[in-house]
Amino acid sequence: MQKYLIKDLADYEGKSITLMGWASNKRESKGLVFIVLRDGTGWCQCVVSIDVVGETIFEEARKITLESSLSITGNIVKDERQMGGYELQATAVSLIGASVDYPIAKKEHGIDFLMDKRHLWLRSQRQWAIMKIRNQIIFAIHKFFQGEGFVEMDAPLFTGNACEGTSNLFETDYYGDTAYLSQSGQLYGEAMALSLGKIYTFGPTFRAEKSKTRRHLSEFWMIEPEMAFFDLFENMDLIEKFLRYVTTEVLENCEKELALIGRDTSVLQNIIKPFPRLTYDEAVRIIKGEQDVNGKNAITSLEQELASVQTRINAIKAEIAEREEKLKMPGMKKGEIGFNQAQIDKLKQEAGDAEEQERNIPQWLNSARNFEYGNDFGGSDETVITRLFDVPVMVYNWPHEVKAFYLKRDPDNNRFARGVDVLAPEGYGEIVGGGERETNEALLIEKIKEHQLPMEAFEWYLDLRRYGTVPHAGFGLGLERLVTWICKLPHVRESIPFPRMYGRLLP
RNA sequence: UCCUUCUUAGCUCAGCUGGUUAGAGCACAUGACUGUUAAUCAUGGGGUCCUUGGUUCGAGUCCAAGAGAGGGAGCCA
């Protein structure tokens, strides 16, 4: 049996076909039922008219509940008013699986509720669009690296040692020994690059940090390329080319999905512009407000932001008061009352978000003003710096003390390590961390001791320096953080089908 | 681990300085309406006000402890 898909409706104009899917919405009036059917490829309004289908089928159609699965047969006609430009005029409707009291209603829901219903939330339009974009990003990543001659080679997920010694890892029992869930495949990536030249890994990574922020997950997907005969600067060139490619692919192939989630693509279009490359020293001056960026100052622009947040809060509160006043007036139609209440609820959410910002910005200001040279950037520092740019920013040459032990010491200034962080614009912060790797065995041993890591676990890693070491570099990209930025999501939890984070293991 | 905000109907939220029987919209059910895109009308079922303890003649409201959630810091992609 031929399967007809909603995305191909244009091919079937004037023909009778059968669609199979779920009722994502239903409206009815005398003699007519409108069922919005979704089949995973799109949405299509199906019109069931009593004059066409007769009383029995019509009664069945009238009883269809939200998210029931069904098949509908009918003619495809052009209708400009519809989302896909077509609608189906039904001649037959048949129920496949009933849905009783579907919990996600056609209204705003709180995040806790939606997270508990994540398995159903994924069916909604916005989540559908995000997952399509995520898929496009994954596909583009593979296309890019395969096109550049990289070999995908995956690192183990069970590891016997804490890779960088910094993060908290998940422990698990491995035939009586302790194994950790990998927080990075990078060390293995180096070994593989010294065999295949250019490799990339693509898999899940685990961090047992008790972080509850909009950019942390306990389980996330990471892409880690590693290249032999690459230095820091070639690495940065690759990162830039890579991010530009992936973003461009999304812009070209996900126009509909980006529009659905209301993403302003003009910022994404900026990806064709060269990425600014700042040294750590320059970045610190910008954070502290000692150096402007395109006429914008980090400190004063934060202060302005705070002021505008405060005026926005006042404006929202005024509007809420006005609408509440209006509600008290007699003679308002029921529909209008409902509409106003929905607006008030929405405004209250906005006010709540704005008030959260109002509490956070002074903290960020404080942290920026008092930033101490030599420290790593915190989340707020990244936010402060990336709000000044409209393209991803690369920060390189970090004080070696704050970075991972395996980063190469800068030959021109041994205070610095040749690491690079890529910060996404619009306040999103770090999406890539990478750098050139240390090839000097003695320096590496010194670093391993300094970080108090068990030397025996790194013997194999040191072998890579003992047998034909070469300059090499690589980076790690957090898939969910990239998805979050490209979609401009308020939180990473919407960028992955089933987020795993502190305090949440279900569904 | 620390700071901060919150928890009232299936959902989103009101509930003022403590005062009779705790409200609205949506959803649901029944009926009315021939084209709807959270905006038609009527009817009405729905509550452990997160938990425990306290203050009080009286607690959804005040106090204390606990649980859960949101945001942030630390840490990171």
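If you're wondering where the values come from, they're calculated on a predicted model, not measured in any experiment. Letters A, B, ... are given to chains in the order of the sequence lines, protein chains preceding strands, and every chain is numbered from 1.
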* To do: Scan every strand shown for a Watson-Crick or G-U wobble partner of B:rC62, both distances under 3.5 Å, and answer none if you come up empty.
  => B:rG54
* Are OP1 or OP2 of B:rG74 and a side-chain N or O of A:Lys210 less than 4.0 angstrom apart? -> no
* Across the strands shown, which category fits A:Glu87 at heavy-atom distances under 4.0 angstrom: base, sugar-phosphate, nothing? -> base
* In whole angstrom, what separates A:Glu480's CD from B:rA77's P? -> 14 Å
* Asked: Once you round it to whole Å, what is the distance between C1' of B:rU34 and CZ of A:Phe34?
  -> 8 Å
* Asked: What is the distance from CG of A:Asn360 to P of B:rG71, rounded to the nearest Å?
  -> 11 Å
* To do: Can you tell me the pairing partner of B:rG44 across any strand shown, Watson-Crick or G-U wobble, with both distances under 3.5 angstrom?
  => B:rC28
* Asked: Under 4.0 angstrom, heavy atoms only, what part of the nucleic acid is A:Gln82 near: base, sugar-phosphate, or nothing?
  -> base
* Asked: Has A:His491 got a side-chain N or O lying under 4.0 Å from the OP1 or OP2 atom of B:rG70?
  -> no
* Asked: Just checking A:Val432: base, sugar-phosphate only, or nothing, at a heavy-atom cut-off of under 4.0 Å?
  -> sugar-phosphate
* Asked: Within the structure shown, what part of the strands sits under 4.0 Å from A:Gln363 by heavy-atom distance: base, sugar-phosphate, or nothing?
  -> sugar-phosphate
* Asked: Should B:rG35 form a Watson-Crick or G-U wobble pair with both distances under 3.5 Å, which nucleotide is its partner?
  -> none
* Span that lies between the P atom of B:rC28 and that of B:rG19, in whole angstrom -> 35 Å
* Rounded to whole angstrom units, what separation is found between the CD atom of A:Glu219 and the C1' atom of B:rA77? -> 14 Å
* Asked: What's the CZ-P distance between A:Arg62 and B:rC33, to the nearest Å?
  -> 11 Å
* Round to the nearest Å and state the distance from A:Ile111 atom CD1 to B:rC11 atom P. => 15 Å
* Side-chain donor-acceptor pair under 3.5 Å between A:Ser184 and A:Glu224, yes or no? -> yes
* Which part of the nucleic acid, if any, lies within reach of A:Ser367 when heavy atoms closer than 4.0 Å are counted: base, sugar-phosphate only, or nothing? -> nothing
* Going by atom types alone, do A:Thr91 and A:Asn75 pair a side-chain donor with an acceptor below 3.5 Å? -> no
* Separation of B:rC75 C1' from A:His216 NE2 (nearest whole Å) -> 6 Å
* Asked: Would a 4.5 Å heavy-atom cut-off, applied to side chains only, mark A:Leu477 and A:Val246 as touching?
  -> no
* To do: Using a 4.0 Å heavy-atom cut-off across all strands, classify A:Lys212 as base, sugar-phosphate, or nothing.
  => base
* **Electrostatic pair A:Lys447:A:Glu450 at N-O distance under 4.0 angstrom** => yes
* B:rG44 and B:rU5, which share atom name C1', separated by this distance in whole Å -> 37 Å
* Flag for A:Gln186-A:Tyr406: side-chain donor and acceptor within less than 3.5 Å -> yes
* Who does B:rA77 pair with, Watson-Crick or G-U, both distances under 3.5 Å? -> none
* Using a 4.0 Å heavy-atom cut-off across all strands, classify A:Asp79 as base, sugar-phosphate, or nothing. => base
* Residue A:Phe113, side-chain atoms from C-beta onward, closest of B:rG70, B:rU37, B:rC11 -> B:rC11
* For A:Gln45, report the nucleic acid contact type (base, sugar-phosphate, nothing); a contact means any heavy atom under 4.0 Å. => base
* So, for A:Met394 and A:Val420, which heavy atoms are closest and what is the spacing to 0.1 Å? -> CB-CG2, 4.0 Å
* Stacking check A:Phe220 vs B:rA77 (5.5 Å / 30 deg) -> yes
* Structure fact -> Quick note, A:Arg215 side chain, CB onward, closest among B:rC11, B:rU36, B:rC75 is B:rC75
* Structure fact -> Taking a pair to mean Watson-Crick or G-U wobble geometry with both distances below 3.5 Å, B:rA14 pairs with none
* Looking at every strand, decide which applies to A:Gln89 at a 4.0 Å heavy-atom threshold: base, sugar-phosphate, or nothing. => base
* Asked: Is A:Gly352 touching bases, backbone alone, or none of the nucleic acid, heavy atoms closer than 4.0 Å?
  -> nothing
* Asked: Given B:rA73, B:rC76, B:rG71, which nucleotide is nearest the side-chain atoms of A:Trp364?
  -> B:rA73
* Structure fact -> Regarding the side chain of A:Glu209, the nearest nucleotide among B:rC75, B:rU37, B:rG70 is B:rC75
* Is there a donor in the side chain of A:Arg118 and an acceptor in the side chain of A:Gln127, or the other way round, less than 3.5 Å apart? -> yes
* Could you state the atom-to-atom distance from CG of A:Asn366 to C1' of B:rU4 in whole Å? => 15 Å
* Look at all strands and tell whether A:Leu477 reaches a base, only sugar-phosphate, or nothing, counting heavy atoms closer than 4.0 Å. => nothing
* Asked: If we take the C1' atom in both B:rA29 and B:rG46, what is their distance in whole Å?
  -> 11 Å
* When only distance counts, do a donor and an acceptor, one from the side chain of A:Glu356 and one from the base of B:rG72, lie under 3.5 Å apart? -> no
